[in-house]
Chemist: 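Dropping the structure in here first, questions after.
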Amino acid sequence: QVQLVESGGGLVQAGGSLRLSCTASASSRPFAHYSMGWFRQAPGKEREFVAAIIPWNGGSTDYADSVKGRFTISRDNAKNTVDLQMNSLKPEDTAVYYCAAAFLATNYYIPRSYDDWGQGTQVTVSS
């Protein structure tokens, strides 16, 4: 099990940028072996996949179609961190964003694949 803490949320105007960070606690398993994902949940909606970075294939990344070309996920295995750089933000990006960790998970776009979740950080994009 790993504890996750997100930071970096806030209020931004449409077209602006935010960078979310997620720090994982020390674990008996190497952080580099975890698939790390970002999900978001808007009021009245289900939690949805945003982005993931997986341990193999040189740290491959994947994104939801709605954020491709605007968001970038990255990780620093030495620091046990994963970041989400969000550019060209839109009002529809407004949600609580969650960091999640799953040991060697392959179905990284499915919330139930993840064992550990952060507390979430609010992102609000004004029009």
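Keep in mind it's a predicted model, so treat the numbers as computed, not measured.
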Chemist: May I have all residue pairs that pass salt bridge (charged side-chain N to carboxylate O under 4.0 Å, His left out) and include part of residues 74-86, sequence neighbours excluded?
Modeler: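 The answer is Arg19-Asp83.
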Chemist: Residues in side chain to side chain contact (heavy atoms under 4.5 Å, CB included) with Val123, at least two apart?
Modeler: Leu18, Leu20, Met86, Tyr97, Val125
Chemist: For Ser74, check side-chain hydrogen bond (donor to acceptor under 3.5 Å, both in side chains) against everything at least two apart and list the hits.
Modeler: none
Chemist: For Ala42, what residues pass the side chain to side chain contact (heavy atoms under 4.5 Å, CB included) criterion, not counting sequence neighbours?
Modeler: Lys45, Ala95
Chemist: Any pair with a residue in residues 115-127 that passes salt bridge (charged side-chain N to carboxylate O under 4.0 Å, His left out), sequence neighbours left out, goes on the list, sorted by first then second residue, please.
Modeler: none
Chemist: I need the full list of salt bridge (charged side-chain N to carboxylate O under 4.0 Å, His left out) pairs touching residues 88-102, with sequence neighbours left out, sorted by first then second residue.
Modeler: Arg40-Asp93, Arg70-Asp93
Chemist: Run the side-chain contact (heavy atoms from CB on, under 4.5 Å) check on Tyr63 and Val50 step by step: do they pass?
Modeler: CA-CA 6 Å; Tyr63 300 89; Val50 175; over 6 Å; no
Chemist: If you look only at pairs with a residue in residues 104-113, which of them pass as a side chain to side chain donor-acceptor pair (under 3.5 Å), with sequence neighbours excluded?
Modeler: Asp62-Tyr108
Chemist: Applying disulfide (SG to SG under 2.5 Å), which residue pairs with at least one partner in residues 59-127 are found, sequence neighbours left out?
Modeler: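 Counting only pairs at least two positions apart or across chains, the disulfide (SG to SG under 2.5 Å) contacts touching residues 59-127 are Cys22-Cys99.
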Chemist: Taking the side chain from Glu48 and the backbone from Gln41, do they hold a donor-acceptor pair closer than 3.5 Å?
Modeler: no
Chemist: Would the distance check show the side chain of Ser35 and the main-chain N or O of Ala105 forming a donor-acceptor pair, the cut-off being under 3.5 Å?
Modeler: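 Flag set: sc Ser35 to bb Ala105 pair under 3.5 Å.
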Chemist: Would you list the pairs meeting ring pair (Phe, Tyr, Trp, His ring centres under 6.0 Å) in which at least one residue belongs to residues 5-54, sequence neighbours left out?
Modeler: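 Pairs touching residues 5-54 that pass the test: Tyr34-Phe103, Phe39-Phe49, Phe39-Tyr114, Phe39-Trp117.
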Chemist: Among residues at least two apart in sequence or on other chains, which ones pass side chain to side chain contact (heavy atoms under 4.5 Å, CB included) with Ser60?
Modeler: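 Listed in chain order: Ile54, Asn57.
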Chemist: Can you name the salt bridge (charged side-chain N to carboxylate O under 4.0 Å, His left out) partners of Lys68, sequence neighbours left out?
Modeler: Asp65
Chemist: Show every salt bridge (charged side-chain N to carboxylate O under 4.0 Å, His left out) that has at least one partner inside residues 26-39, sequence neighbours left out.
Modeler: none
